[in-house]
Number of protein chains: 2
Amino acid sequence: MDAALKALAEPRRREILRLVWSAELPATAIADHFSEVTRSAVSQHLGVLKAAGLVSERRDGTRRLYRADRSEMRQLRRFLDDYWTSGLERLRDAAEAAQREKDAADG
Amino acid sequence: MDAALKALAEPRRREILRLVWSAELPATAIADHFSEVTRSAVSQHLGVLKAAGLVSERRDGTRRLYRADRSEMRQLRRFLDDYWTSGLERLRDAAEAAQREKDAADG
DNA sequence: GCACAAGTTCAGTTGACACTTACGCAAGCC
DNA sequence: GGCTTGCGTAAGTGTCAACTGAACTTGTGC
């Protein structure tokens, strides 16, 4: 999840992900979309996205076809929804914080 | 939005955000939660979160109280939902999905 | 006014990362 | 077997970001 979030922090990778969101594309077609960056850079971005599970790769002859893994995106969304308010753990933190506040005020 | 995503890419900042999600806390209380990092580092993280609009600051005497700005988080979530499939493309995807549903049902 | 407490900010260091160029490697095609 | 196409990997570089320690700011209580 950490990897997915870090991968999405890079604008170029978000753009790539959008390109392969609804269409499976070979690496070259993706790279052609970015005139200001080399093919190599795009390939490395694809590697990061793949490592984060946000993209899947399929080989076809010499080509490699990429497409977005939407289920991973769903998981990410869900993580973002849940992380901040995760039940007992959050309550515990709040209680601890309140106690420190009180201690500081008293002491 | 780019700033918010980048801010969330850092685990420590996610933790901070969770701390101030449901409780307003002074900077020191937040810093006390991170034993492996100095107060200064936490202050800088708070600056990033604030710049990204994910956190709001209120002054009370010498203290500064922080709390999460949930509306910004909602916007982020919405952005994540919409960015990949925007406008016509999203409609097309929906149509395709409906067709696949139909094909699956028929087949 | 002085001391202290709460926090930020400045200067400098270190590590991560996006990038480029060059090279390597596999799969068709002649 | 050579040639070309499609693409990843290696090595090196510049930039940025997270961190530390020291200095600074601002408010409070005496």
Side-chain angles (χ1 to χ4, degrees), chain A residues 2-20 23-67 97-107, chain B residues 1-20 23-67:
Chain A
D2 186 67
L5 226 29
K6 253 185 199 147
L8 287 178
E10 166 64 43
R12 207 98 63 183
R13 282 196 287 263
R14 288 200 295 272
E15 181 69 21
I16 291 177
L17 198 53
R18 199 164 62 151
L19 282 177
V20 298
E24 194 181 39
L25 291 179
T28 304
I30 299 171
D32 286 349
H33 249 86
F34 299 94
S35 55
E36 62 283 331
V37 154
T38 62
R39 194 177 42 80
S40 180
V42 173
S43 176
Q44 289 170 54
H45 279 312
L46 283 168
V48 173
L49 286 169
K50 193 177 145 199
L54 289 167
V55 143
S56 67
E57 177 202 301
R58 181 172 71 88
R59 307 205 181 188
D60 171 40
T62 87
R63 302 191 310 167
R64 305 202 184 184
L65 301 165
Y66 291 92
R67 91 185 120 111
Q99 189 60 45
R100 269 194 305 281
E101 278 288 286
K102 185 172 176 299
D103 292 346
D106 292 348
Chain B
M1 200 73 343
D2 186 68
L5 225 30
K6 256 185 196 145
L8 287 179
E10 167 64 44
R12 207 100 61 183
R13 282 196 288 264
R14 288 200 296 272
E15 182 69 21
I16 291 177
L17 199 53
R18 198 168 63 152
L19 283 177
V20 298
E24 195 182 38
L25 291 178
T28 304
I30 299 170
D32 287 350
H33 237 262
F34 299 94
S35 55
E36 61 284 331
V37 153
T38 63
R39 203 164 33 87
S40 179
V42 173
S43 175
Q44 289 170 53
H45 278 313
L46 283 168
V48 172
L49 286 170
K50 195 176 143 201
L54 289 167
V55 144
S56 67
E57 177 202 300
R58 181 172 70 90
R59 307 205 180 187
D60 171 40
T62 91
R63 302 190 312 165
R64 305 200 184 185
L65 301 165
Y66 291 92
R67 94 184 117 111

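All of these numbers come straight from a predicted model, not from anything done at the bench. Residue numbers begin at 1 in each chain, while the letters A, B, ... track the order of the sequences.
Residues A:Arg14 and B:Leu5 have side chains in contact (heavy-atom distance under 4.5 Å, counting atoms from C-beta outward).
Regarding A:Asp32, its CG atom lies at a distance of 14 Å from the P atom of D:dT5, rounded to whole Å. B:Asp60 places its CG atom 17 Å from the P atom of D:dT26, with the value rounded to the nearest Å. The CG atom of A:Leu46 sits 13 Å away from the C1' atom of D:dG6 (whole-angstrom rounding). For A:Arg12 and D:dC16, the CZ to P distance is 14 Å, given to the nearest whole Å. For the pair B:Arg59 CZ and C:dT8 P, the computed distance is 8 Å after rounding to whole Å. B:Leu8 places its CG atom 12 Å from the P atom of D:dA18, with the value rounded to the nearest Å. Spacing between atom CD of B:Gln44 and atom P of C:dT13 amounts to 16 Å, rounded to whole angstrom units. The CZ-P distance, from B:Arg63 to D:dT28, rounds to 11 Å in whole Å.
When the side-chain nitrogen and oxygen atoms of A:His45 are compared with OP1 and OP2 of C:dC19, one or more of them lie within a distance under 4.0 Å. Contact annotation: A:Tyr66 does not reach the phosphate of D:dG6 (side-chain N/O to OP1 or OP2, under 4.0 Å).
B:Glu10 comes within 4.0 angstrom of sugar-phosphate atoms only, judged by non-hydrogen atoms across all strands, and of no base. Residue contacts shown for B:Phe34 are absent, as no nucleic acid heavy atom lies under 4.0 Å away. Using a 4.0 Å heavy-atom criterion, one finds that A:Arg13 contacts the sugar-phosphate atoms exclusively.
Put simply, CG on A:Asp2 and CD on B:Glu10 are 8.5 Å apart, with the number rounded to the nearest 0.5 Å. For the atom pair CG of A:Leu46 and CD1 of A:Ile16, the computed distance is 5.0 Å after rounding to the nearest 0.5 Å. To the nearest 0.5 Å, atom CG of residue B:Leu8 and atom NZ of residue A:Lys6 are 13.0 Å apart.
A salt bridge does not link A:Arg63 to A:Glu24: none of the charged nitrogens lies less than 4.0 Å from a carboxylate oxygen. Under 4.0 Å is where a charged nitrogen must lie from a carboxylate oxygen, and between A:Glu15 and A:Arg12 no such pair does.
Contact check of residues 35-43 of chain A against DNA chain C (heavy atom, cut-off under 4.0 Å) returns A:Glu36, A:Val37, A:Thr38, A:Ser40, A:Ala41.
B:Arg39 places no side-chain N or O within donor-acceptor distance of the main-chain N or O of B:Ala31, the cut-off being under 3.5 Å.
A donor and an acceptor atom never sit less than 3.5 Å apart when one is taken from the side chain of B:Glu57 and the other from the base of C:dT8.
Side-chain atoms of A:Thr62 lie closest to D:dT5 of the nucleotides D:dC19, C:dC19, D:dT5.
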